[in-house]
2 protein chains.
Amino acid sequence: MQKYSKQTRLLLAVDCIIFGFDGDTLKILLIKRSFEPQKDNWSLMGGFVQPKESLDQAANRILKQLTELQGVYLEQLHTFGNTKRDPIERTVSVTYFALIDINKYQTQLSKDYHAEWFPLKRVPKLIFDQQEMVEAAKKRIRYKAAMHPILFELLPGKFTLPQLQTLYESVFNTPIDKRNFSKRVLATGLLIKQNDKDKAGSKRGAYYYQLNMQNYYAKFQAFMNFIPNPDSLLH
Amino acid sequence: MQKYSKQTRLLLAVDCIIFGFDGDTLKILLIKRSFEPQKDNWSLMGGFVQPKESLDQAANRILKQLTELQGVYLEQLHTFGNTKRDPIERTVSVTYFALIDINKYQTQLSKDYHAEWFPLKRVPKLIFDQQEMVEAAKKRIRYKAAMHPILFELLPGKFTLPQLQTLYESVFNTPIDKRNFSKRVLATGLLIKQNDKDKAGSKRGAYYYQLNMQNYYAKFQAFMNFIPNPDSLLH
DNA sequence: TTTATTTGTGTATTGAGTACACAAATAAAA
DNA sequence: TTTTATTTGTGTACTCAATACACAAATAAA
């Protein structure tokens with residue numbers, strides 16, 4: 001079945017940048033690499049693309065391997081192919097970024113991989129060109145979140161407006177006026193107010209909201225400004 | 001040097017979606033495939049990634065092979081990796097899209113490849129999953145052009161406002177009010193009015209403009225609305 | 001019962017986007 | 001040479017969205 005016989009074949013890997021939000025800070029999940037080269041150094045979760053799986057399948061497999069999660073938000077980011085990025089043998093890496101509800105992540109599962117969550121501002125030194133991958137992912141999540149409601153993927157099914165606002169403030173690293181924020185967000189028609197409150201986060205308690213999934217899917221591609229002055233915040 | 005010895009290696013290709021604007025219609029450049037499978041069918045310009053070149057280098061090489069052009073706008077689009085996309089042997093394809101000034105393209109060069117420009121609305125049947133690649137490129141160029149001034153890459157160094165407007169109308173397939181368009185575009189500070197006019201396009205003649213390159217590079221990443229109601233036009 | 005903390009809400013102002021029409025230039029035709 | 005046809009270039013009023021800004025309500029903890 002090999003008919004392009006004169007061509008060189010290359011190793012192909014998938015690396016995942018996995019985002020999570022702990023209610024205060026945007027974080028990514030890293031593992032301690034279990035094999036050489038760079039054994040025991042911090043690294044993205046990744047793996048080689050297998051002969052019978054597509055890239056998307058590989059990314060989902062790799063994500064599941066570490067988190068046991070399926071059906072989460074996963075998007076292809078960029079493909080990195082410098083000839084010397086892996087010193088052992090040329091490997092081209094297709095990166096994906098994932099947005100998961102950090103509460104669904106079982107800490108226990110990460111033991112095999114010695115995984116840990118790191119705040120985006122304190123990411124340790126990573127192997128190969130993975131620093132660059134994380135930078136690209138950071139840029140992309142901001143870019144996309146400035147106009148599309150992807151950040152809900154980081155929250156549990158029920159969340160409060162203060163939680164949502166903290167998330168946006170954390171991703172864009174800027175304070176937002178809460179009156180304008182709630183006006184803006186509620187105006188999208190994406191949220192349904194619940195009758196119960198989250199009593200844990202504050203004395204007074206804050207009403208829960210849920211996504212209106214119908215509107216969410218319908219409007220996902222539309223441009224929506226969730227934050228003031230996106231221009232100045234993206235770089 | 002092969003130490004990941006148990007892993008399968010794959011063919012990796014680069015395919016280019018090359019956009020050009022003839023003053024009236026947005027087009028892409030296609031070639032007649034010169035080898036089996038699907039010999040003589042319409043196809044994107046592409047090629048295999050060579051052992052000693054990066055992906056960007058491969059894309060530039062392939063673009064130059066067909067157009068003799070260098071230093072043009074070239075951006076990685078998406079990587080396609082379904083296992084069966086190439087029936088002969090699994091090949092993963094990294095796609096790039098290019099924006100070129102169609103006037104700089106030497107028709108003669110295309111003879112070897114039997115290349116032809118096709119209006120985006122009348123793209124012929126393409127091999128493998130290239131239809132999908134073109135769709136992705138179309139979507140991306142619109143998405144990006146709605147907010148960043150990339151379409152200037154399709155025009156010659158000197159151009160008129162009516163030409164620019166026709167380009168936007170063609171890309172977004174919508175009529176635009178010219179008073180509002182010129183206000184919008186000139187407000188960006190990206191254009192420098194020249195003293196001479198293009199007499200070819202009309203009786204009265206239209207003033208030429210040139211890009212203010214300093215502002216262009218400085219503001220490239222900023223969000224700028226060039227078209228009314230981008231929402232409704234992107235899908 | 002007092003205090004401290006966090007939630008929830010409204011209004012006035014500014015600025016950007018939008019709709020809309022007519023005069024100026026000139027090549028081509030009469 | 002005059003007339004006609006075509007295309008360029010410009011201004012204003014209106015609407016709506018973005019923004020700045022402050023205080024009362026709720027309640028757990030002291």
Side-chain angles (χ1 to χ4, degrees), chain A residues 23-24 146-147 149 155 158-170 172 174-209 219 222-234, chain B residues 23-24 146-147 149 155 158-170 172 174-209 219 222-234:
Chain A
D24 180 54
M147 287 175 295
L155 294 173
K158 285 165 68 175
F159 52 86
T160 67
L161 286 185
Q163 280 166 13
L164 184 65
Q165 181 169 345
T166 306
L167 171 56
Y168 273 87
E169 291 178 332
S170 164
F172 291 98
T174 186
I176 304 176
D177 179 274
K178 69 177 168 176
R179 285 164 291 189
N180 294 337
F181 183 77
S182 78
K183 235 184 304 174
R184 227 181 248 265
V185 168
L186 295 175
T188 62
L190 251 45
L191 298 192
I192 304 169
K193 191 175 190 170
Q194 307 300 112
N195 290 320
D196 50 340
K197 286 184 167 187
D198 165 42
K199 296 281 193 179
S202 69
K203 290 171 182 172
R204 177 169 171 180
Y207 279 106
Y208 279 119
Y209 287 81
K219 295 187 178 179
F223 289 163
M224 293 186 274
N225 276 1
F226 275 87
I227 54 160
N229 292 321
D231 267 21
S232 58
L233 301 172
L234 288 174
Chain B
D24 181 55
M147 286 175 297
L155 293 173
K158 286 165 66 176
F159 51 85
T160 67
L161 287 185
Q163 280 166 11
L164 185 64
Q165 181 170 345
T166 306
L167 172 56
Y168 273 88
E169 290 179 331
S170 163
F172 291 99
T174 186
I176 305 176
D177 180 273
K178 70 178 168 174
R179 286 164 291 190
N180 294 337
F181 183 77
S182 77
K183 235 185 304 174
R184 228 181 246 265
V185 168
L186 295 175
T188 63
L190 253 43
L191 298 192
I192 304 169
K193 191 174 188 172
Q194 307 300 112
N195 290 320
D196 51 339
K197 287 184 166 184
D198 165 41
K199 296 283 194 176
S202 70
K203 289 171 180 170
R204 177 169 170 181
Y207 280 105
Y208 280 118
Y209 286 82
K219 296 189 178 176
F223 289 163
M224 293 186 274
N225 277 359
F226 276 87
I227 53 161
N229 292 319
D231 268 23
S232 56
L233 301 172
L234 288 174

Enquirer: Which heavy atom of A:Q163 sits nearest to which heavy atom of A:K158, and what is that distance?
Expert: OE1-O, 4.4 Å
Enquirer: Indicate the atoms forming the closest heavy-atom contact of B:I176 with B:E169, along with that distance.
Expert: N-OE2, 2.8 Å
Enquirer: Distance check, rounded to the nearest 0.5 Å: A:Q165 atom CD versus A:L167 atom CG?
Expert: 10.5 Å
Enquirer: For B:Y207 and C:dT26, what is the distance between atoms OH and C1' respectively, to the nearest whole Å?
Expert: 13 Å
Enquirer: Between atom CZ in A:F223 and atom C1' in D:dA17, what is the gap in whole Å?
Expert: 17 Å
Enquirer: On DNA chain C, compare the nucleotides closest to A:K203 and A:D177; which residue's is nearer the 5' end?
Expert: A:K203
Enquirer: Indicate the atoms forming the closest heavy-atom contact of A:Y168 with A:P149, along with that distance.
Expert: OH-CA, 4.4 Å
Enquirer: Identify the heavy atoms of B:A146 and A:F223 that sit nearest to each other, and give their distance.
Expert: CB-CE1, 4.4 Å
Enquirer: Write down the distance between CG (B:L161) and C1' (D:dG9), rounded to a whole number of angstrom.
Expert: 9 Å
Enquirer: Could you measure the distance from the CG atom of B:N195 to the NZ atom of B:K193? Nearest 0.5 Å is fine.
Expert: 9.0 Å
Enquirer: Relative to the 5' end of DNA chain C, which residue comes earlier, A:P162 or B:R179, by the nucleotide with the nearest heavy atom?
Expert: A:P162
Enquirer: Any protein N or O atoms within reach of nucleotides 13-18 of chain C? Criterion: under 3.5 Å, listing atom names and distances.
Expert:
unit_1	atom_1	unit_2	atom_2	d
C:dT18	OP2	B:R184	NH2	2.3
C:dT18	O4	B:K183	NZ	3.2

Enquirer: Let's see if you get this right: which residues in residues 189-201 of chain B place a heavy atom under 4.0 Å from DNA chain C?
Expert: B:K199
Enquirer: Mind calculating the distance between CD (A:Q165) and C1' (C:dT9) to the nearest angstrom?
Expert: 14 Å
Enquirer: Round to the nearest Å and state the distance from A:K178 atom NZ to D:dC21 atom C1'.
Expert: 13 Å
Enquirer: Once you round it to whole Å, what is the distance between P of C:dG8 and OH of A:Y209?
Expert: 6 Å
Enquirer: Is any side-chain heavy atom of B:F159 less than 4.5 Å from a side-chain heavy atom of B:L191?
Expert: yes
Enquirer: Are any side-chain N or O atoms of A:S170 and backbone N or O atoms of A:T166, one a donor and one an acceptor, separated by less than 3.5 Å?
Expert: no
Enquirer: Can you give me the dot-bracket string for DNA chain D, 5' to 3', counting Watson-Crick and G-U wobble pairs with both distances under 3.5 Å, using [ ] for crossing pairs and | for partners on another strand?
Expert: ||||||||||||||||||||||||||||||
Enquirer: Can you tell me if B:K219 uses its side chain to pair, donor with acceptor, with the backbone of B:T188 under 3.5 Å?
Expert: yes
Enquirer: Would you say A:L161 and A:Y207 make side-chain contact, with heavy atoms under 4.5 Å?
Expert: no
Enquirer: With rounding to the nearest 0.5 Å, note down the distance linking CZ in B:R184 to CG in B:D177.
Expert: 10.0 Å
